[in-house]
Amino acid sequence: MGRLLASEVQQLLHNKFVVILGDSVQRAVYKDLVLLLQKDCLLTPSQLKAKGELTFEQDKLVKGGQLGPLHNGTNYREVRQFSSDHHLVRFYFLTRVYSKYLEAILEELQSGEHDPDLIIMNSCLWDVSRYGPHSWNSYLQNLENLFGRLGEVLPESCLLVWNTAMPVGKKITARFLPRKPLPWAIPLRRIVVHANFYSSIKASKHGFDVLDLHFHFRHAWNCLQSDGVHWNEHAHRQLSYLLLTHVAEAWGVELPCRPPAPIGELIQDAPERQPQANRDQLDLSLSPPLPSPRRPPLLETPRPRPHCYFSSDHVFQSDQFYFQSDVPSSTQPGFAFEADFNFCSPPPMASFSPCYQQRAPVVYRGFSRYLVQGPYMPWRGQHRRSKRGASAHPESRRQ
């Protein structure tokens with residue numbers, strides 16, 4: 001994973017219809033992606049906090065939000081859309097992972113002019129906190145209903161990425177959560193861990209991708225906002241890089257290499273806040289992965305490039321970045337996430353030759369994805385073949 005420029009994101013998502021579904025955290029995912037499609041800068045704190053505004057960075061509010069009453073009820077709606085000559089990104093606000101409203105969204109997508117190429121989705125906090133004492137069992141059943149339904153209606157060309165819910169703090173003051181205590185003895189941040197485990201299992205069982213954001217951000221407490229739920233602009237840009245790297249690999253696109261991105265330094269140098277989850281964490285550990293043989297290069301390049309090492313934990317290492325896989329190690333019991341992991345600082349590694357600088361992603365058609373092992377199961381046993389070829393740059397569909 002490396003820093004991406006707006007021009008590269010534009011090319012990666014050229015002629016793509018991207019749909020993002022979820023709560024306010026996923027709305028920030030949508031906003032950062034829309035911003036990154038246009039310019040190389042970060043979201044402002046006011047942009048992150050805004051809710052239901054009529055326009056944001058050339059997008060428009062389609063339904064709900066300020067077009068209706070703003071509130072924190074479970075029937076809150078907000079539909080946003082960004083459209084350019086060759087990009088279409090749409091966001092639907094969800095308060096429940098599966099409902100009649102979700103069915104209406106699927107019907108809308110099916111009847112639309114374009115099939116979605118990429119769906120990014122998560123729903124968790126509202127599900128487990130706003131629907132009464134039986135919300136947990138309802139959430140598990142709704143997950144099963146959701147992924148089963150998505151498998152029926154989504155085109156084979158569509159890549160669905162299930163984001164696990166981001167970590168939450170020990171003290172949570174977000175206004176959408178009920179003021180009265182939740183009907184469980186364990187804290188919400190541990191319920192989120194359980195929810196992520198089960199949602200990832202169910203997504204994998206139905207053949208969908210899982211991006212474990214909880215794992216990647218579990219030690220980035222200095223980027224967590226004071227309400228204990230939302231994240232700052234630096235975290236969301238790092239999230240976008242993770243997400244786009246995952247998507248590029250799924251589509252067989254090689255992203256350009258470049259010197260270390262400033263974003264890692266920004267996260268490290270963000271104002272320190274007292275860690276909110278250092279205590280009372282799950283007593284779990286992660287064994288250090290053992291490197292497996294290198295994957296041979298796909299195509300020769302004019303200059304030497306660093307080799308990528310793959311282990312059972314799918315650890316990507318280079319002289320720029322270091323991050324763990326989307327799934328925990330197969331050696332972990334249960335849903336172990338709390339490993340000794342440095343989110344920003346790479347471990348000591350041997351030096352590599354400079355990266356071959358490319359101005360645009362390179363597409364390798366027919367590239368089969370590397371399958372990882374772990375309790376979340378592989379991403380997909382077989383890569384979904386697109387009815388349109390599933391190339392990173394299909395023929396133009398939008399005029």
Side-chain angles (χ1 to χ4, degrees), residues 13 17-39 41-84 87-114 116 118-131 142 146 163 165-166 168 172-179 225-233 235-237 239-240 243:
L13 300 180
F17 178 18
V18 181
V19 179
I20 302 175
L21 304 100
D23 58 12
S24 53
V25 174
Q26 300 307 307
R27 179 171 57 207
V29 173
Y30 161 84
K31 287 185 174 182
D32 194 69
L33 182 59
V34 167
L35 183 64
L36 191 52
L37 275 169
Q38 300 176 78
K39 58 185 78 170
C41 64
L42 299 176
L43 292 166
T44 65
S46 61
Q47 288 175 327
L48 281 170
K49 292 179 181 179
K51 169 183 177 179
E53 64 270 42
L54 295 177
T55 183
F56 161 80
E57 293 292 341
Q58 310 303 318
D59 87 334
K60 65 178 180 179
L61 179 65
V62 179
K63 297 178 184 177
Q66 292 185 8
L67 297 177
L70 292 173
H71 58 85
N72 290 318
T74 55
N75 61 339
Y76 176 74
R77 300 290 181 259
E78 183 178 342
V79 181
R80 314 192 65 84
Q81 181 168 292
F82 169 78
S83 178
S84 68
H87 302 96
L88 182 61
V89 186
R90 189 180 299 166
F91 169 73
Y92 294 91
F93 189 94
L94 297 182
T95 64
R96 204 166 200 178
V97 71
Y98 184 78
S99 62
K100 291 181 179 179
Y101 179 56
L102 192 280
E103 279 288 354
I105 293 173
L106 295 179
E107 291 178 8
E108 181 178 319
L109 294 176
Q110 284 182 286
S111 61
E113 181 181 358
H114 306 295
L118 171 64
I119 294 181
I120 301 161
M121 183 176 185
N122 174 263
S123 184
C124 177
L125 293 182
W126 286 73
D127 295 79
V128 301
S129 65
R130 295 294 300 272
Y131 290 94
N142 284 336
L146 168 74
N163 288 342
M166 297 279 279
V168 296
I172 301 174
T173 60
R175 290 180 293 178
F176 72 89
L177 290 173
R179 295 182 180 180
Q225 303 279 24
S226 59
D227 66 0
V229 170
H230 299 97
W231 295 76
N232 69 15
E233 63 274 20
H236 274 288
R237 182 51 50 88
L239 192 162
S240 293
L243 180 60

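Along the sequence shown, the residues carry numbers beginning at 1. Every value quoted in this text rests on a predicted model; they were computed, and no experiment measured them.
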Would you say that [X] contacts [Y] through its side chain, given a criterion of any heavy-atom pair below 4.5 Å between the two side chains?
X	Y	result
Met121	Leu94	yes
Thr55	Leu61	no
Ile105	Val79	no
Leu37	Leu13	yes
Tyr30	Phe82	yes
Arg27	Lys51	yes
Arg237	Leu35	yes

Rounded to the nearest 0.5 Å, what separates atom [atom1] in [X] from atom [atom2] in [Y]?
X	Y	atom1	atom2	result
Leu239	Glu233	CG	CD	13.5 Å
Lys49	Gln225	NZ	CD	6.5 Å
Asn163	Leu243	CG	CG	6.0 Å
Ser24	Asn72	OG	CG	9.0 Å

Ignoring hydrogens and angles, tell me if any N or O in the side chain of [X] forms a donor-acceptor pair with the backbone of [Y] under 3.5 Å.
X	Y	value
Lys31	Leu48	no
Ser84	His87	yes
Trp231	Val229	yes
Gln38	Glu57	yes
Arg96	Thr74	no
Asp127	Val97	yes
Gln26	Asp23	no
Arg80	Lys63	no

What closest approach, in Å, do [X] and [Y] show between heavy atoms, and which atom pair accounts for it?
X	Y	result
Leu177	Ser129	CD2-OG, 3.2 Å
Val62	Leu67	O-CD1, 3.6 Å
His236	Asp32	O-OD2, 3.3 Å
Ser111	Glu108	OG-O, 3.2 Å

**OP:** Report the C-alpha distance between Asp227 and Ile172 in whole Å, list the side-chain angles of each, state the deciding distance to 0.1 Å, and finish with yes or no for side-chain contact (heavy atoms from CB on, under 4.5 Å).
**Re:** CA-CA 5 Å; Asp227 66 0; Ile172 301 174; over 6 Å; no
**OP:** Please lay out, stage by stage, how Asn122 and Val25 fare under the test side-chain contact (heavy atoms from CB on, under 4.5 Å).
**Re:** CA-CA 9 Å; Asn122 174 263; Val25 174; over 6 Å; no
**OP:** Using the ring pair (Phe, Tyr, Trp, His ring centres under 6.0 Å) rule, pick out the option among Phe176, Tyr92, Phe93 that qualifies with Tyr76.
**Re:**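 Of the listed residues Phe176, Tyr92, Phe93, the ring pair (Phe, Tyr, Trp, His ring centres under 6.0 Å) partner of Tyr76 is Phe93.
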Original post:
Under 3.5 Å, is there a donor-acceptor pair between the Tyr98 and Ser123 side chains?
Top reply: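 Not at all, the side chains of Tyr98 and Ser123 share no donor-acceptor pair under 3.5 Å.
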**OP:** Using the side-chain contact (heavy atoms from CB on, under 4.5 Å) rule, take Thr95 and Tyr131 through it: C-alpha gap first, then chi angles, then the decisive distance, then the call.
**Re:** CA-CA 10 Å; Thr95 64; Tyr131 290 94; 3.0 Å; yes
Subject >> Reference residue Val19; test side-chain contact (heavy atoms from CB on, under 4.5 Å); the match among Ile120, Leu109, Leu88 >> reply: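 So, applying the side-chain contact (heavy atoms from CB on, under 4.5 Å) to Val19 and each of Ile120, Leu109, Leu88, only Leu109 qualifies.
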Original post:
Passes side-chain contact (heavy atoms from CB on, under 4.5 Å), Leu36 versus Val34? Steps please.
Top reply: CA-CA 6 Å; Leu36 191 52; Val34 167; over 6 Å; no
